[in-house]
Amino acid sequence: MKKLLVVDDEQSILTLLQYNLEQAGYQVLTAMDGEEGKNLALTENPDLIILDLMLPKLDGLDVCKHLRQQRVQTPILMLTAKDDEFDKVLGLELGADDYMTKPFSPREVVARVKAILRRVQIQPGPTAEEEESSGQIRIGDLRIIPDSYEAFFMEKLLEITPKEFELLVYLAQNKGRVLTRDQLLSAVWNYDFAGDSRIVDVHISHLRDKIEHNTKKPVYIKTIRGLGYKLEEPKGE
């Protein structure tokens with residue numbers, strides 16, 4: 001049974017989400033402030049965290065930032081009552097995988113949780129024999145091992161979130177193809193963001209920070225103006 005952690009300071013929302021998520025077959029832990037939520041995330045190792053932005057003691061952005069600094073890669077679905085692009089983008093830049101704006105329907109939250117967990121299945125590292133047949137992808141100085149959920153750049157292991165990894169693998173599997181933001185949203189996030197493509201741009205920016213020598217002149221992940229992105233073999237630089 002998958003274990004979820006829900007952190008929100010409104011008891012009514014906690015109760016509503018806990019009931020609906022348990023009905024969907026999940027074990028649910030709850031916390032009403034950011035400090036407690038952070039501690040539970042570190043000690044209970046949940047499979048996914050639903051994290052409110054506005055929290056007492058420690059707000060959701062600080063919790064997210066702290067967990068990522070501690071190399072906790074648990075998927076985070078951030079909740080916000082603000083219809084503010086800055087808050088959403090900042091949450092994504094700090095390491096959240098997804099966000100939802102209040103008010104929301106419990107059914108939509110359950111659907112999002114299922115979609116994220118379906119896409120994020122971290123597998124244990126392979127044995128030597130398994131690694132030989134793991135279908136590694138090599139593009140320039142980039143090496144991706146899908147079966148062990150690892151990516152290397154210049155043979156240095158990348159610190160990468162599950163969603164960043166899925167995006168990188170999808171781009172690599174479609175090397176040389178121009179992929180629109182809508183295609184990436186559908187393939188990697190597994191649902192329609194109703195035109196909200198900023199989440200793709202933020203994750204692309206994160207990947208460039210990790211695999212490009214010069215993010216202002218990327219040689220791996222190219223922007224195709226008016227269309228989307230493509231990952232290609234770098235030309236002799």
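Residue indices begin at 1 and follow the sequence shown.
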Are any of the side-chain heavy atoms of [X] and [Y] separated by less than 4.5 Å?
X      : Y      : result
Asp33  : Asp9   : no
Val219 : Lys235 : no
Leu42  : Val72  : yes
Arg138 : Arg143 : yes
Leu4   : Gln18  : no
Leu179 : Arg177 : yes
Val200 : Trp189 : yes

Under a 4.0 Å N-O cut-off, is there an ion pair linking Lys222 with Glu232?
yes
Check: Ser186 side chain, Asp182 main-chain N or O, donor-acceptor pair, under 3.5 Å:
no
Are any side-chain N or O atoms of Lys3 and backbone N or O atoms of Glu44, one a donor and one an acceptor, separated by less than 3.5 Å?
yes
Group every Ile, Leu, Val, Met, Phe, Trp and Tyr by side-chain heavy-atom contacts under 4.5 Å, then state whether [X] and [Y] land in the same group.
X      : Y      : answer
Val6   : Met1   : no
Val178 : Ile204 : no
Phe104 : Leu14  : yes
Val110 : Leu16  : no

I'd like to know if the side chain of Gln183 pairs up with that of Tyr170 as donor and acceptor (distance under 3.5 Å, no hydrogens or angles considered).
no
Asp201/Tyr229 under side-chain hydrogen bond (donor to acceptor under 3.5 Å, both in side chains): CA gap, chis, key distance, verdict:
CA-CA 9 Å; Asp201 298 334; Tyr229 300 99; 2.6 Å; yes
Is it the case that over 12 heavy atoms from other parts of the model lie below 6.0 angstrom from the OH atom of Tyr19?
no
Distance (rounded to the nearest 0.5 Å) between [X] [atom1] and [Y] [atom2]:
X      : Y      : atom1 : atom2 : result
Leu117 : Lys2   : CG    : NZ    : 6.0 Å
Ile76  : Asp97  : CD1   : CG    : 7.0 Å
Leu168 : Leu142 : CG    : CG    : 5.5 Å
Ile116 : Thr74  : CD1   : OG1   : 12.0 Å
Phe165 : Leu207 : CZ    : CG    : 11.0 Å
Ile137 : Ile145 : CD1   : CD1   : 10.5 Å

Verdict with reasoning, Thr223 to Arg208, per side-chain hydrogen bond (donor to acceptor under 3.5 Å, both in side chains)
CA-CA 11 Å; Thr223 300; Arg208 281 176 170 161; 2.7 Å; yes
Where [X] and [Y] come nearest, the two heavy atoms and their spacing:
X      : Y      : answer
Arg112 : Met100 : NH1-CG, 3.3 Å
Gly60  : Met78  : O-CE, 3.8 Å
Glu22  : Val28  : CG-CG2, 3.7 Å
Val63  : Gly34  : CG2-O, 3.5 Å
Cys64  : Leu51  : N-CD2, 4.1 Å
Phe153 : Ile211 : CZ-O, 3.0 Å

Which residue pairs pass the side chain to side chain donor-acceptor pair (under 3.5 Å) test with at least one member in residues 210-220, sequence neighbours excluded?
Glu164-Lys210
Can you list every pair that meets side chain to side chain donor-acceptor pair (under 3.5 Å) and has a residue in residues 51-62, with sequence neighbours left out?
Asp52-Lys102
Could you please spell out the steps behind the side-chain contact (heavy atoms from CB on, under 4.5 Å) verdict for Leu5 and Ile50?
CA-CA 6 Å; Leu5 171 61; Ile50 300 176; over 6 Å; no
Mind checking what makes side-chain hydrogen bond (donor to acceptor under 3.5 Å, both in side chains) contact with His203, not counting sequence neighbours?
none
Take Leu77 and Ile49 through the test side-chain contact (heavy atoms from CB on, under 4.5 Å) and record every step on the way to the result.
CA-CA 6 Å; Leu77 171 60; Ile49 302 168; over 6 Å; no
Would Tyr26 and Val113 satisfy side-chain contact (heavy atoms from CB on, under 4.5 Å), going step by step from the backbone distance to the final call?
CA-CA 10 Å; Tyr26 300 108; Val113 167; 4.0 Å; yes
Evaluate Asn20 against Arg107 for side-chain contact (heavy atoms from CB on, under 4.5 Å), listing each step before the verdict.
CA-CA 8 Å; Asn20 283 274; Arg107 290 180 61 186; 5.6 Å; no
